[in-house]
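As structure tokens, the structure follows; a few thoughts come after it.
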Amino acid sequence: MSEVRPMVELRGVRKSFDGVDAVRGVSFEIPAGQVVGFIGANGAGKTTTMRMMATLEIADEGEIRVDGWDVREHPGEVRRLVGWMPDSFGTYAHVSVFDYLDFYARACGYRREERRRRVAEVMEFADLTSLADRPMNGLSKGMAQRLCFGRTILHDPRLLILDEPAAGLDPKARLEFKNLVRLLKDRGLTIFISSHILSELGEMCDALLFIDQGRVVHHGTAESLQETQGDGACLLEILVDGSEQPLLQWLSQQPGWRVLGQSQGAVRAEHASALRSDLVVVLRRMVQDGIRVSEFRRQERRLEELFVDVLKNQPREGHTSAQGRNNG
Amino acid sequence: MNTDFGDWIGPMLVKELRQGLKSRAFGLSFVLLQAALVLLITFSVLEYRNNPDAFKTQELSAYFWLVITVMLLVITPLRAFNDLAGERKANTLELLYMSGLTSWRIAVGKWSSLVFQSWLFVLALLPYAVLRYYFGSVQLAEEGLALVWMLLVSALFTALGLAVSGLPNAVRLLCTGAVSILFLPLLVGVGSIVGGGARIFGGSSPFSTLDYASGAGLVLNVLLLIVGALCVAASTIAPPAENQQGRLRGLLVCGMVFAAVLGWVGVFEPDLQFFMVSFFAFLGMAVAGWHLATAPSPLHAHLEPFARFGKLGWLAGSWMQPGWPGALLFVLGLEGLMAAFTRSVSLKSAAPTMAVFAVLGAALLTPPLLRVLLWRRFKHPLVADFLVHCLSCAFVGGVAQVSKAALNSPGFLFFPPAALWAMFRGEGGIPNDFKDWFPLMLSLSLGLCLLGLLCSRGYWRKIAGLSAEVAAARRARTASKPAALP
């Protein structure tokens, strides 16, 4: 059986700026058609990695391939396959939304009717038709992001690299943006997306990639992250009838419990075992000991918490990593 | 069929023209210029009607040419001065690359847009130029020729402005300072030479007396310089996979060969031929000085264009590879070409020029080789090389006072390391006869080149390996092509 070639392959990629390492031996693969979330703190090496994938930086060491093409040796071919959306992009004075897309369509090689059709399609897709004659430097943040997104998909790329696309957008614009990504995913595009809004990434992405101090510290699905980071523990939300104090006292006397938070009649706690049979025993004992439990809910750990846990488990180094080019 | 004029010209030009013509600055200056010229012509007509004998057409012409000169030689190049830097600052260059546009197409698009806009201004002035004709004392043919020269020089200045605009901020500031200081002398000088200034301040342009053949040869050389300046502009913004350095070197060698051929076929006088060949060779040396300060980046993309010619192509293309090892071979090639050329001409100045040339080659190679041998991790190698030249200059001129002896031979003053070597020879001064120096300096150049090649042997091994890969890939592509039907 022939092996399916991944859309993106990184092998031992390193990059430093002025002697400070921004990316240190990053390796991963992204299969075609997947949406992968790229998560890391500021200065972790996200933007540098993405820029290298988009042919905009050259790695000091290692190899990056997009659909089999080496980004260093064949940047032209890679650029035809990649749609790059930076976290911030410059605008032109005296250029309308239509003119901007028309210019890029010309640059991508579209001619005459084909170009007009393609620009119209993209404007329709990114909901820009009503803004066609608006000067691009007078657009709101959300509109400008939609325009940049339109430009990114103009040449019908197979891989989208989106650097903080939802940064600075209001909730409505974020929702619209999420819908656009979903539509493109349905069309079979491979999407590599970095964001600080982790909950959104969890909903959108097939896999998550955590980067810290220039190294990949996790690559897998959100579910696998729940499993690996929990150490067999689980989160529980317990609601009681009346005061939560008896419950808190009970929990403090029992082994394997850690209280994470409390509010009026509710306690959020972590139990050492996530096994269903153990939880049944715990609940039974709680009731037998006179705790008036009204609800006993198992909770998934939030992505933010998992991210922080992953970072906590990493050995810290004496210096902070390079800022890279922008913020990643 | 629904045709679009924009499809016939580059996307960059379409965008820049749309942007430029919609800008308030263009619209305002266009309207103001028209208003000023209408007023000027109206006053002239009134003055002429009142007293036709006292009316001086030269005064009207002076205003007219002042406007054209300022527009073409000042405003248009100044508009280019910040163009690429602005694009870089606005973070828009990368998106242009991602769309498939090369740095060359970006530079040419920006330049042609500025030139088109200046032509539009000149076209708008033509009706007033024709009106002037009715006041008398206007030589239309001569003025037309002057206008063509002005347009050509304006295009060259604009290309130079664009080249400067892509350079680092510090260099751009230096250039801005130099242009500001030399602004008026430059404007008057160049304006007078090409024709416009002659009509503002009186006198005649030396270009108006050129014969057709020399004029045509000069035009072609100016065009080569424009392409060269655009190459520089493109290389300041080029991503690593683009070999703009090789393009520029190739162009300069073409300029040398072209000027030599024009001389041999009789278009250029021997003096002009020698001047033009030396001019391109010196430009080549300056470019080599810049490229010697750049790091090599062996990539498939740089070797692809030469792969089709096999080993011969690889050999021919090696001096066009970006980075200092390729520039080193380029210096060697330039010296070889100059040596061959000077042997073919019988001018008195040929041998000394060649000696100076050999000296320059040796001088250019020394600082980069010192860097390579002693400490490779300079953050700004060009600045380091420049400082070495400045230090040697200060040492020779200030400490050793060799420059006193060099006063008799001013050619050496431009190349301080030459005087330094003269001092090391222990002759107590620089001999007037440069010819005697030629073998020594040429051997020194060759020795330095050899040393440089030794230092870069790892790079050349990598280039040889990559070349073999490129050739193999090419063979594989050719083999997989379907056979042609009989």
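In what follows, every chain begins at residue 1, and chains take the letters A, B, ... in the order their sequences are listed.
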*asked:* Heavy-atom pairs under 4.5 Å with chain A: which of B:G100, B:P11, B:A90, B:G10 has the most?
replied: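 Most heavy-atom pairs under 4.5 Å with chain A: B:P11.
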
(message) Please rank B:L93, B:L466, B:L21, B:L96 by heavy-atom pairs under 4.5 Å with chain A and give me the top one.
(response)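 Ranked by contacts with chain A, first place is B:L96.
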
Under 4.5 Å from any heavy atom of chain B - which part of [X]:
{"X": "A:R80", "result": "neither"}
{"X": "A:A54", "result": "both"}
{"X": "A:V78", "result": "neither"}
{"X": "A:T55", "result": "side chain"}

From [X] [atom1] over to [Y] [atom2], what is the distance, rounded to the nearest 0.5 angstrom?
{"X": "A:E57", "Y": "B:E94", "atom1": "CD", "atom2": "CD", "answer": "7.5 Å"}
{"X": "A:R106", "Y": "B:L101", "atom1": "CZ", "atom2": "CG", "answer": "12.0 Å"}
{"X": "A:D87", "Y": "B:N91", "atom1": "CG", "atom2": "CG", "answer": "8.0 Å"}
{"X": "A:I58", "Y": "B:S297", "atom1": "CD1", "atom2": "OG", "answer": "6.5 Å"}
{"X": "A:E73", "Y": "B:E469", "atom1": "CD", "atom2": "CD", "answer": "7.5 Å"}

Is there side-chain contact between [X] and [Y], with at least one heavy-atom pair below 4.5 Å?
{"X": "A:F103", "Y": "B:V14", "value": "no"}
{"X": "B:K15", "Y": "A:D102", "value": "no"}
{"X": "B:P239", "Y": "A:R79", "value": "yes"}

Query raised in the report: Of the listed residues (A:Y100, A:Y92, A:Y104), which shares the most heavy-atom pairs with chain B below a 4.5 Å separation?
Result: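 Most heavy-atom pairs within the cutoff with chain B belong to A:Y92.
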
- Item | Side-chain donor or acceptor of B:Q19 paired with backbone N/O of A:V95 under 3.5 Å |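 Checking the backbone N and O of A:V95 against the side chain of B:Q19, no donor-acceptor pair under 3.5 Å is found.
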
Q: Look only at the side chain of A:D99 and the backbone of B:R18, and say whether a donor-acceptor pair between them is shorter than 3.5 Å.
A: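 Not at all, since once roles are kept as given, no pair shorter than 3.5 Å links the two residues.
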
Does [X], at its [atom1] atom, have more than 12 non-hydrogen atoms belonging to other residues, nucleotides or ligands within less than 6.0 Å?
{"X": "B:K462", "atom1": "NZ", "result": "no"}
{"X": "A:E124", "atom1": "CD", "result": "no"}
{"X": "B:W119", "atom1": "CH2", "result": "no"}

Quiz prompt | B:T92 and A:F89: CA distance, side-chain angles, deciding distance, side-chain contact (heavy atoms from CB on, under 4.5 Å) verdict | solution = CA-CA 6 Å; B:T92 45; A:F89 74 107; over 6 Å; no

